[in-house]
Amino acid sequence: MPTRFFDTYTREVREFVPLNPPNVSIYTCGPTVYSRAHIGNFRAYIFEDLLQRHLESRGYRVHRVMNLTDVDDKTIRGAREANVSLEEYTKPFKKAFFEDLETLRLKRADEFPAATESRYIARMIEMISQLRARDLAYQAEDKSVYFRIKKFPNYGKLAHLNLDELRPSGRVRTDEYEKENIGDFALWKAWDKEDGEVGWDSPWGHGRPGWHIECSAMATALLGDEVDIHCGGVDNIFPHHEAEIAQSEGCTGKKFVRYWLHCAHLLVDNQKMSKSLGNFYTLPDVTGKGYSGRELRYALLRVHYRVPLNFTWTGMEEARQALARIDEWRQRLAEVTGSQRQSNNIIQPRDDFSRALDDDLNISAALGYLFEVIRQTNRALDADELGADSARFWLDWWEKVNRVLAVDEVTSVALPKEIELLANQRTEARLAKNWRASDQLRDELSARGWDVRDTKEGQKITRRAGIQP
RNA sequence: GGCGGGGUAGCCAAGUGGUAAGGUCGCGGUCUGCAAAACCGCUAUUCGCGGGUUCGAUUCCCGCCCCCGCCUCCA
């Protein structure tokens with residue numbers, strides 16, 4: 001079965017055929033660095049990470065770009081209020097963003113272009129000039145330059161909006177009287193005293209780029225006129241991605257994006273998680289409650305990207321338990337690889353994991369197969385029917401699966417001195433069949449955050465998830 | 001109002017025109033000195049509601065209800 005994705009533009013699941021296989025270009029809208037990204041933002045990035053990893057597992061060579069929006073109304077306002085330069089203001093948020101990426105095990109994009117980099121400002125100016133030359137843009141009385149949507153017949157096609165029927169939502173800025181059409185969007189915003197030091201010279205005067213043009217400029221500059229996949233949250237469909245199409249195709253005359261993939265929102269109490277509603281959590285909010293990055297990663301990863309996902313602490317707990325199950329299974333397999341045990345119960349592997357992901361990233365079905373494998377192999381392990389060769393096979397299989405999921409627990413923590421002491425005491429108590437002392441020591445270890453399990457090979461001690469060292 | 005997404009067990013969630021994957025929780029069992037982990041069994045006669053098509057519908061068609069999002073800041 002070929003890889004297939006749901007394309008927002010055509011509203012159908014389509015076979016994925018990149019322009020230049022095996023190369024795949026992906027452009028993903030990144031964060032606006034005016035505050036710390038919330039976990040709803042990261043749901044989108046985790047989805048994009050899964051997309052990239054799956055494509056790579058299928059042999060594609062992915063070139064991915066994620067932009068950083070470091071100049072817009074909010075960053076300018078933030079800098080002004082903090083009384084620092086724009087650059088100083090956005091720097092810590094950029095840093096935090098990269099830290100969060102690492103915590104969530106997100107593969108870094110190949111490039112993270114920032115809107116304020118001079119080469120991209122130059123590219124934006126170049127594109128706006130082209131659009132003006134083609135009459136697709138005009139400078140209004142307020143000196144700002146706007147895109148003339150009436151001249152671009154496909155405008156509205158991605159969102160399936162009939163522009164004549166747009167209902168004013170109250171968010172339309174009523175002070176933009178100068179525009180020819182209410183739907184025309186800014187390509188270049190004329191300098192305003194609120195902008196302070198922020199601004200660049202352009203053929204239309206001092207000012208700054210509009211939000212949409214930066215993505216068109218960076219995408220085409222780094223990936224060419226045609227991009228295989230463009231991703232983002234559903235809230236970016238309109239107007240942002242619609243505008244990107246208009247700008248890019250207005251300049252190049254070529255189909256800008258072959259596949260549009262959009263991620264549904266992360267909800268809190270069944271409402272969209274957003275900064276403006278104030279109902280959001282950042283990654284530190286989650287890790288502060290004792291959850292690890294991989295637990296959050298799993299919690300956000302396990303639901304199909306086009307389905308709204310309600311974030312709950314119960315969900316985090318479910319993720320933790322599921323991961324513990326995987327960890328335990330992996331550990332058991334690893335132990336058997338060193339044994340002389342023979343296999344007499346061959347479990348036939350199937351390609352169901354990757355095939356599920358081929359089907360528009362059907363992660364639930366993929367995980368369903370993973371847990372089926374876990375149950376079957378555990379059963380064989382219980383029956384002493386799974387040998388070293390088979391264990392190695394399934395560990396290899398898991399490695400491939402984990403290259404896509406990236407949820408493996410890698411660190412094994414050394415026992416602290418006092419824990420080791422208690423553990424040794426317990427071993428002795430058990431040899432003496434002093435169950436009372438043994439149980440007391442187990443309780444003691446548990447109270448300190450260490451779980452004890454007795455096995456044929458002796459007691460095993462692991463740090464309980466969620467306990468900070 | 002327009003355009004989308006969703007409604008499947010306590011919770012999360014796949015899925016197919018042929019009789020409901022998986023995770024989590026709970027209960028019972030095997031194992032264990034007791035636990036834990038693992039495994040086994042149980043937990044949706046039923047897939048928002050009402051019609052229709054069909055031998056058969058959760059799946060297709062029609063109508064309706066509810067939730068969420070977008071409609072020019074937004075992942």
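Here is how names work: the chains are called A, B, and so on, in the same order as the sequence lines, proteins then strands, and each is numbered from 1.
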Kindly indicate whether the side chain of A:Asn310 and the base of B:C12 share any N or O donor-acceptor pair separated by less than 3.5 Å?
no
Can you confirm whether the side chains of A:Lys74 and A:Thr32 place a donor and an acceptor under 3.5 Å from each other?
no
Roughly how far apart, to the nearest Å, are B:G52 and B:C11 at atom P?
31 Å
Side-chain-base donor-acceptor pair under 3.5 Å for A:Asn362 and B:G15:
no
Could you tell me whether A:His265 contacts a base, only the sugar-phosphate backbone, or nothing, with contacts defined as non-hydrogen atoms closer than 4.0 Å?
base
Side-chain contact check for A:Phe238: nearest option of B:C70, B:G33, B:A13 is B:C70
A:Ser438 near the nucleic acid: base, sugar-phosphate alone, or nothing, with a heavy-atom cut-off under 4.0 Å?
base
Under 3.5 Å donor-acceptor pair, A:Arg442 side-chain atoms to B:A35 base atoms:
yes
Sub-3.5 Å donor-acceptor pair from the side chain of A:Asn362 to the main-chain atoms of A:Leu357, do we have one?
no
Do A:Lys74 and B:C73 have a side chain to base donor-acceptor pair shorter than 3.5 Å?
yes
For B:C47, which nucleotide is its Watson-Crick or G-U wobble mate, given both distances must be under 3.5 Å?
none
Compare the minimum distances between each of B:G6, B:C3, B:C70 and the side chain of A:Val307, then state the nucleotide with the smallest one.
B:G6
Return all side-chain donor-acceptor pairs below 3.5 angstrom for residues 259-267 of chain A, not counting sequence neighbours, or 'none' if the list is empty.
from: A:Tyr259; atom 1: OH; to: A:Glu15; atom 2: O; distance (Å): 2.8
from: A:Tyr259; atom 1: OH; to: A:Val17; atom 2: N; distance (Å): 2.9
from: A:His262; atom 1: ND1; to: A:Thr8; atom 2: OG1; distance (Å): 2.7
from: A:His262; atom 1: NE2; to: A:His241; atom 2: ND1; distance (Å): 2.7
from: A:His265; atom 1: NE2; to: A:Asp235; atom 2: OD2; distance (Å): 3.3

Given B:A36, B:G33, B:G69, which nucleotide is nearest the side-chain atoms of A:Arg453?
B:A36
Can a donor-acceptor pair under 3.5 Å be found between the side-chain atoms of A:Glu372 and the base atoms of B:G22?
no
Taking atom P in both B:C73 and B:G5, what distance in whole Å separates the two?
24 Å
Answer yes or no: are there more than 12 heavy-atom neighbours, outside A:Glu141 itself, under 6.0 Å from its atom CD?
no
Go ahead and name the base partner of B:G22; Watson-Crick or wobble counts if both distances stay under 3.5 Å, otherwise write none.
B:C12
What's the gap between B:C27 and B:G33 when it is taken at their P atoms, as a whole Å value?
23 Å
Whom does B:C70 pair with, Watson-Crick or G-U wobble, provided both distances fall under 3.5 Å?
B:G2
What's A:Gly40 touching, base or sugar-phosphate or nothing? Going by heavy atoms closer than 4.0 Å.
base
Can you check the distance between B:U54 and B:G17, where both ends of the measurement are the C1' atom (answer in whole Å)?
9 Å
P gap between B:G18 and B:A13, integer Å
24 Å
Looking at the side chain of A:Asp454, which of B:G23, B:C12, B:G33 is the nearest nucleotide?
B:G33
Pair of N/O donor and acceptor under 3.5 Å linking B:G4 base with A:Arg11 side chain:
no
